[in-house]
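See structure below.
Below, chains carry the letters A, B, ... as their sequence lines are ordered, and counting in each starts from 1.
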Amino acid sequence: MMLLPCPYCGPRDVTEFTYGGDDGTVRPGDPQAVSDARWVSYVYIRDNPRGPHDELWQHSAGCRRWIRVRRDTLTHQVLSSAPAAQPVQP
Amino acid sequence: MSAQRHRLADGGLIDRSRPYSFTFNSRALHGYAGDTLASALLANGVSVVGRSFKYHRRRGVFGAGSEEPNALVQLETGARTEPNMRATQVELYDRLTAASQNCWPSVEFDVNALTDVFSRFLPAGFYYKTFMWPRSWWMRYEQYIRDAGGMGISPRTPDPDHYAHRHAHCDVLVAGGGPAGLSAALAAARAGARVILATEDFAWGGSLLAERAAIDSRPALEWVRDTVAELAAHPDVTLLLRSSVFGYFDHNLIAIAQAVHPHSAHAPRQRLWKVRARQAVLATGAIERPLVFADNDLPGVMLASAARAYLNRYAVKPGERAAVFTNNDSAYATALDLHRAGVAVSAVMDPRAQVTGELPARARAAGIEVLAAHAVVRATGGRRVTGVQVAAMENGAIRGQPRELACDLLCVSGGWSPAVHLFSQSKGRLRYDERIAAFVPDVSVQAERSAGAARGSFALADCLAEGAQAGSAAAEAAGLRRAAVSVPGTTRISEAPLLPLWDIESGATRTAKRFVDLQNDVTARDIALAAREGYYSVEHLKRYTALGMGTDQGKTSNINGLAILAALIDAQIPEVGTTTFRPPYTPVTLGAIAGSEVGAHFDPVRETPMHEWHAQAGARFMNAGLWRRPMFYARPGESDLDATSREALAVRRGVGIVDVSTLGKIDVQGRDAALFLERVYVNRWRNLAMGKVRYGLMLREDGMIFDDGTTTRLGEQHFFMTTSTATAERAMSTLEYWLQVHWPELDVRLTSVTDQWAAVALAGPESRAVLSALTSADVSNAALPYMGYCEASVRGIPARIFRISFSGELAYEINVPADYGLALWDALLEAGRPCGITPYGTEAMTVLRIEKGHFTGMEMDGRTTPGDVGLGGLVAADKDCIGKRSLDRPALRAPVRRQLVGLVPNDRSTIIPRGAQLVTDPQRALPNPIIGHVTSTCHSPSLGHPIALALLERGRERYGETLFAMSPLTNSAVGVEATHHVFYDPKGERLRV
């Protein structure tokens, strides 16, 4: 059972968190302007890396904040964590 | 006290002043405090303890700890019975009752022992090969196979005891209470660390309990006593006896199963510890390996270390005339202790050509015969060993004719394997150490370090030194000061290297049973057969032969098994590798894993503020997530359907109330609140007037409907959103996701207020009359029209009144602060009594919504778009929202999509089966093309016949067509007619009056 470092609360048991999928999926600023392929890639296509992986977690039984965690999928080592806010898309 | 004829007159760590009586297989026997069940059985001369798993051979006590493969017993009877308990770990108590397993009618005469006679017809994989035909009979065979081969019996009645979980944190967790573990705990404690020290034993000392060692020129157990006393005096040290560290999980979460003793009426029977340790020290010791020769499973054959433990710790003579068979020096200590205790030692057989170590020299000096370059090829005897066949060895092979040597105890030692189980569970990598012919920890992955025998350092001096170093280093790594390490003095005994010896086979014993895995009855021949049949991988070998399975998980058999496999396939042992070590290290009872989360505490229960009223009114409840919701309030003599229909009709004809407090409620505030709603709902929100309610539809980014509900504008920057009961938590998380991850620039605050508001829907033509009687506010159609909102005092309670309707009738949804929920409910019932107000449950609510064609989770199954349910027009064209772009994808615009329709049975009387599949021709050969499915079905009391909602390909083009609703579950095909999905008041006139 992993220990995730919440940037707001400190290290907490993974049971306090809800997994929220891959981080870094960039929502097109104007969805109507992009091709079906680009949109499908955004909605569905994900990498499945062996090694470091950026993922989203919500501290759902804690501060309710969404956080970004870089975690090694092979060793479960947590490499970093940060608030999840993405830069504003044009 | 009756005869404990194998008990020594004095010595040992038992308490002769506390005699206990116990029964084994209905025989009354006696032992002492400090005994294990195994030591007490041996003291009483019980040599046959159980029958083996497959061949039902007689088996005796083989080990002295958790490695025991043979002496598994059924402990106690009735509800407290526990199967597969290792007699070597069961701490004796007064009036203990135990019985042998896997034998019928008795352990002495077991009918199934015939399998041993026919064993040459029962090779490895026998069941897989034989009982394959006819295939349908496997289920019948399996019953008998499972009964014949097997373990103990689980209790058939609920467990009367309770169990607890404990979460704990520490700087340093030390697993193991032997010299290395104690030494490590002491060093860490002296450095100021919070320490948890756990041992599976009921006494401290580990291997020292069984030996006659000295530390600092005193008996070692005095050092143990002083060390434990110092540890106990540290306020931050937790000492756990009877506590098996059984699992090492991610990020240093370590699980311990603690047996609570003595049995107290109020204490839990066991406690499961989940410890998050900054650092761990694994001082779990080593497990002695058996040697593999013919009939090595006879009662009286025992690990040399176990014989030593019975002698020194329990003051039990495990035999009167012993022979020792060893490939290393350690078993000579057993020979010496046996000799000292007055047990005649026939000889020590040692395959090494030169036997040069210090212990063998002492044995020779004591007059014990040492047969170098000799091996035991067979143990002989019936009910227990009566002798051994000994043969000379040359270049690792048996040479010449064996000769017989009399003995009633054969102590064996094939070397020692470090207990690397926890290390391996922590994902650490192992290395094969030729020096000791065993795997040792190599590369750590988690914050742990091994010390002493667990890392292959068997000498007491090394255990003490490595333990102290590890404890000190662990404390420092956990952030504490570096403390000076002091190591007590011991005398080092020089040892000669061992000679690996895996399978001892002479021509005469080629076909005899040479057991590798005693618990699973796996022999060297079984491994050879598996290898011949292509099972080269140890993981395959394990599954094919059961080698290393069972309650002991191959603690004594793994290394021997894979070494034999390596020799067969001409590979090196490290190439063959080990099977995966998985938790638990020792069996953990399910009660401990469940803890207190059983029965009513299995899951939290959410109850609305009106719950007590519902219960007293005789509601039948259903689970909706964690919520309990009334389904209906049946009157005496009423069927479920009668009650549902009565409640639904009351709403259509008069007035009803339903508790809708479980709906998700989210308070949305901020400068960008309206903009936020525009982005998450498909429809427009900026133009919603103050004090107005609007229906909203939310999609997932893939275009499928996520949830729907009403949202009310309470102020310029203040909205009140409702979600489905089932979706409430997910909706809140999803909205937080969009705000926090994608739109952090929006000024919006979300607050879940589901539990803060009690909610009641007051529905039916008479609802206005009831509400008017309770409030001075104007609730007329003019002042509070459909989809209007007002705040008012209802019988003195501050309330929010929403003019919305799920039933399709004139209705008001009234929200009050949760603590007023019951008062509001009572007030409505009282005011409605003249009109016959009827409380209704979720079943009537479902009937009313199906009549109105409202979709819910049954229809929003993650595959439906707004267009599928006829709400394509709701999607605003001139703005973006979550999921809107996906609706343009060709598949989501395809004309063959399943669309929401109504169904009416052709005969106007047959209930349309739930979950039925829709076809055009019920007679057609399979696979019959399916063109839709029934999502919701009920009997409509208002219409007087059954109806259903369905999702049907091109549904809106098929109104009037006849289809068949086929249900393999009820084996029925109901002829139905497709209709528009709104059955009742299609123009919605009744809600606007």
What part of B/D702 gets within 4.5 angstrom of chain A, counting heavy atoms only: side chain, backbone, both, or neither? both
Please look at B/R276 and chain A and tell me whether the side chain, the backbone, both or neither of the residue comes under 4.5 angstrom of a heavy atom of that chain. side chain
Can you tell which part of [X] gets under 4.5 Å to a heavy atom of chain B, answering side chain, backbone, both or neither?
X: A/W39; value: side chain
X: A/V34; value: both
X: A/Q32; value: both

Calculate, to the nearest 0.5 Å, the distance between atoms CZ and CG belonging to A/R12 and A/L4 respectively. 11.5 Å
Taking the side chain from B/R278 and the backbone from B/D171, do they hold a donor-acceptor pair closer than 3.5 Å? no
Among the options A/D13, A/T18, A/V14, pick out the one with the most heavy-atom pairs lying under 4.5 Å from chain B. A/D13
So, A/D36 and B/R885, do they make that salt bridge, N to O below 4.0 Å? yes
State plainly whether the residues A/D54 and A/R71 are in salt-bridge range, i.e. N to O under 4.0 Å. no
side-chain contact (heavy atoms from CB on, under 4.5 Å) between B/L677 and B/F719, intermediate numbers included: CA-CA 9 Å; B/L677 294 179; B/F719 292 82; 3.4 Å; yes
Identify whether NZ of Lys or CZ of Arg in B/R700 sits under 6.0 Å from the centre of the six-membered ring of B/F706 and within 45° of that ring's axis. no
Among B/R889, B/H251, B/H167, which residue forms the greatest number of heavy-atom pairs with chain A at distances under 4.5 Å? B/H251
Closest-packed option against chain A by number of heavy-atom pairs under 4.5 Å, given B/K427, B/E701, B/Q446: B/E701
